Protein chains: 2
Amino acid sequence: MSAKPPTSLDVAREAGVSQATVSYVLNDRQGVRISDETRARVLEAVDRLGYVPHAGARTLRTGHSGLVLVPLVDVPYGPLAVGLMEELDRELSRLGYTMIQYGARRLKGMAAARAWAELRPVAVLAPAGRLTRQSVDVLRSAGIKAVIGIGVVGWSSEIVSTMTLDHEGIGATAAEHLLARGSRTLTAIVPAEDGLRDMGLLRAAGVRRVAAARGVPYTRVDLAFSEAATAARLDMWRAVDTTGHARTKHGVFAYNDEYAMLLMAVLADNGFSVPGDVAVVGCDDLPLANLLRPRLTTVRLDVTTGPAMLAQTLDEIVRGGAAGQRRLALWSHALVERDST
Amino acid sequence: MSAKPPTSLDVAREAGVSQATVSYVLNDRQGVRISDETRARVLEAVDRLGYVPHAGARTLRTGHSGLVLVPLVDVPYGPLAVGLMEELDRELSRLGYTMIQYGARRLKGMAAARAWAELRPVAVLAPAGRLTRQSVDVLRSAGIKAVIGIGVVGWSSEIVSTMTLDHEGIGATAAEHLLARGSRTLTAIVPAEDGLRDMGLLRAAGVRRVAAARGVPYTRVDLAFSEAATAARLDMWRAVDTTGHARTKHGVFAYNDEYAMLLMAVLADNGFSVPGDVAVVGCDDLPLANLLRPRLTTVRLDVTTGPAMLAQTLDEIVRGGAAGQRRLALWSHALVERDST
DNA sequence: TTGTAGGCGTTATCAT
DNA sequence: ATGATAACGCCTACAA
């Protein structure tokens, strides 16, 4: 049925030239001039045979694969993450790399590192949390030039370059806005889910910082994504106006738009007014944010600048050899003001 | 700084054995008995040197890579798609394959096919829409055993095996439920977005089929994801009760939960009652479905059975050689009944 | 301008 | 049970 795939030697025979000539034509090597007629014959043969070079063989010979491995991060995949990947892919391919995403969930620690190393990528972008000292060693000794940790700043930043969102800045931006719109207390929601918790803590730290600077009461609420858990936390915002006191407006940064939606649903169910009693800020600017009533004020992350910078840095590290550890704080953000504050 | 990666020869020297012995130990080849002591020495050397086999070289030698290439599909990435990928990854690795996701957005047509073929994967799971006859030829002649189209049933199903959701069944399930809950007309929303439109049409066909069978008026609404576009279509459901007629309950299958949320927001803004005037069914059972008020009835897709079947089939095709075209209708679905109907 | 030949790291065949 | 050796497909220095 299907014979073995054609090799460059097959192409050479078909075109009546040598294997080297085929290689020259396909990689249009400089310093070697091929007659137009020969070139045409080669290309035609390539086409006729459906020849495609064997990446493995090329890697073996040249010593580099041009592969950039990106283990699928286990943060929730929203439009944001997809947009980032897309942009990163574009940038890397512009620089001549091939970006590949690799299932990271299945394997952990050393096993994962070995699986990645087998492919001899030129760079690995791994969730910072998954990088142990050992696994980084394995990656390094497999000849991977750039190991870049993505996500939360941690110990790993002393070993590899890291790219992170400015989570604290996001929390601070939200907090500043809440105060500007009249909130008298600040609360930061931290998701209880594993993958989100670390980022939640950083964002909460940003809120706390602003609260401290402005002398405003601050509360951190660790919250599972459920209506029951949320309802159990509502007392803190219950207005004390049975005594005729003026109502206090409370400000909440809900970590992201989904938690914000959860919160707003439960608040509405329990007779709270948004933003009258509680003002809410989300993050991500998902489509749903603008469909909530009131429409959700949210922090939008910029998707373009980050990947470009990252790709650029990666390229520099790869070309320049060992370039030490750099810390990249990427992605600017902006507040999208709507009605929930 | 970082020397070249250790090879199996380095390991052999370190352990004081031959290269072949290293290979035997690492792949624990049957029919060859290695003394426990030798085996231990080899494994220790592997560990000390941080040796990881070179996938490219192995592929070159053995003729197969064990790679399954999954171009990132350009449908919106929700929890569903992520869950599917995760599950598929698990199943494939159980069968000894390595699943890899490849940026598909950048390249189109032949260029994409060639890029995929370079890696000499054993199988490719590509969006059916991207597969042209030529590109399938290239993939085939590069020795790829299984080319499986994912997504909408189209011409390509005559060339490659295809895996698709039972979109029509989803629409039908939603429609049956709407009628059972008292809707007197049926409407199917079809997203105007490129990647979604084809699936939307299939789901709509399921709704139409049920409507025809039951003798109920059916309308298809092509809709862009915007409040303005949605508001412009509301007249069709405006109750004619100025004349005192009994109100007609209208049933809408909104394609997915996000469109359902869009619709419900606009309906509420314009004084419609859900489910009194209009009953709404979504699809995907996103977290947001249960946070809408009224809570959204939705069709949930089963994430487990599909990938397992797919991996199984893929394995059969790969092992059994050319196995003709099969059509796989995958993933069962179930209705999750809530308050919006 | 084009051809020849050697080697990248691995596995498998064939001796020992 | 273990070791030497060839071959996979490609690239490239060198020879012609």
Side-chain angles (χ1 to χ4, degrees), chain A residues 3-43 45-46 49-66 114 117-120 122 141-143, chain B residues 3-42 45-46 49-67 114 117-120 122 141-143:
Chain A
K4 290 193 317 187
T7 72
S8 68
L9 188 61
D10 295 324
V11 175
R13 273 196 288 263
E14 176 87 6
V17 299
S18 86
Q19 206 181 7
T21 306
V22 174
S23 177
Y24 292 152
V25 170
L26 262 47
N27 310 338
D28 44 48
R29 205 152 148 32
Q30 326 183 327
V32 179
R33 305 234 38 91
I34 304 277
S35 72
D36 286 359
E37 193 235 334
T38 309
R39 168 187 309 276
R41 275 220 313 284
V42 169
L43 290 177
V46 164
L49 267 48
Y51 168 74
V52 175
H54 188 301
R58 185 202 283 120
T59 298
L60 194 56
R61 176 63 237 247
T62 63
H64 51 259
S65 61
R114 268 194 282 268
E118 280 198 351
L119 296 176
R120 295 290 191 275
V122 69
S141 72
Chain B
K4 290 194 314 187
T7 73
S8 67
L9 188 60
D10 295 324
V11 175
R13 272 196 288 262
E14 177 86 7
V17 299
S18 85
Q19 208 180 5
T21 306
V22 174
S23 176
Y24 293 152
V25 170
L26 261 47
N27 309 339
D28 46 46
R29 204 150 151 24
Q30 325 183 330
V32 179
R33 303 234 41 89
I34 304 277
S35 72
D36 286 359
E37 192 234 337
T38 310
R39 167 188 310 277
R41 274 221 314 283
V42 169
V46 164
L49 267 49
Y51 167 73
V52 174
H54 189 301
R58 183 200 282 121
T59 298
L60 193 56
R61 175 64 239 236
T62 63
H64 51 259
S65 61
L67 251 42
R114 268 194 282 268
E118 281 199 349
L119 296 175
R120 294 290 190 275
V122 70
S141 72

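Note that the structure is a prediction, hence the values are computed from the model and not measured. Values below: all heavy atoms of this structure, side chains included; hydrogens, waters and symmetry mates excluded.
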Might you point out which heavy atoms bring B:A142 and A:P5 nearest each other, and give the distance in Å?
O-CG, 3.4 Å
How long is the line joining CG of B:L60 and C1' of C:dG7, in whole Å?
12 Å
Of all heavy-atom pairs between A:R120 and B:P6, which one has the smallest distance, and what is that distance?
NH2-O, 4.3 Å
Of residues 33-41 of chain A, the positions that come close to DNA chain C - non-hydrogen atoms, cut-off under 4.0 Å:
A:R33, A:I34, A:S35, A:T38
In Å and rounded to the nearest 0.5 Å, what is the CG to CG distance from B:L67 to A:L119?
6.5 Å
How long is the straight-line distance from CD of A:E14 back to OG of A:S8, given to the nearest 0.5 Å?
13.5 Å
As an exercise, state the distance from CG of A:D10 to CD of A:Q19, rounded to the nearest 0.5 Å.
9.5 Å
Classify B:V17 by what it touches in the nucleic acid, base, sugar-phosphate, or nothing, heavy-atom distance under 4.0 Å.
sugar-phosphate
Answer yes when A:E37 and A:R41 have at least one side-chain N-carboxylate O distance shorter than 4.0 Å, and no when they do not.
yes
4.5 Å side-chain heavy-atom contact, A:H54 and A:T7:
no
Under the side chain to side chain donor-acceptor pair (under 3.5 Å) test, which residues partner B:T59, sequence neighbours left out?
none
Below 4.5 Å, heavy atoms only, C-beta onward: do A:R39 and A:L43 meet side chain to side chain?
yes
State, with a plain yes or no, whether a side-chain heavy atom of A:L26 is found less than 4.5 Å away from one of A:V42.
yes
What are the two closest heavy atoms between A:L49 and B:S141, and how far apart are they?
O-OG, 4.2 Å
Go along nucleotides 10-16 of chain C 5' to 3' and tag each nucleotide: B for a protein heavy atom under 4.0 Å from its base, S when only backbone or sugar atoms are that close, - otherwise.
BBBB---
To 10°, what angle do the rotation axes through the five end pairs on each side of the helix from C:dT1-D:dA16 to C:dT16-D:dA1 form?
40°
Span of DNA chain D engaged by chain A, first through last nucleotide within the 4.0 Å heavy-atom cut-off, is D:dG9 to D:dC14
All side chain to side chain contact (heavy atoms under 4.5 Å, CB included) counterparts of A:R29, not counting sequence neighbours:
A:Y24
On a heavy-atom basis, which atom in B:S65 and which in B:V122 lie closest, and how many Å separate them?
OG-N, 3.9 Å
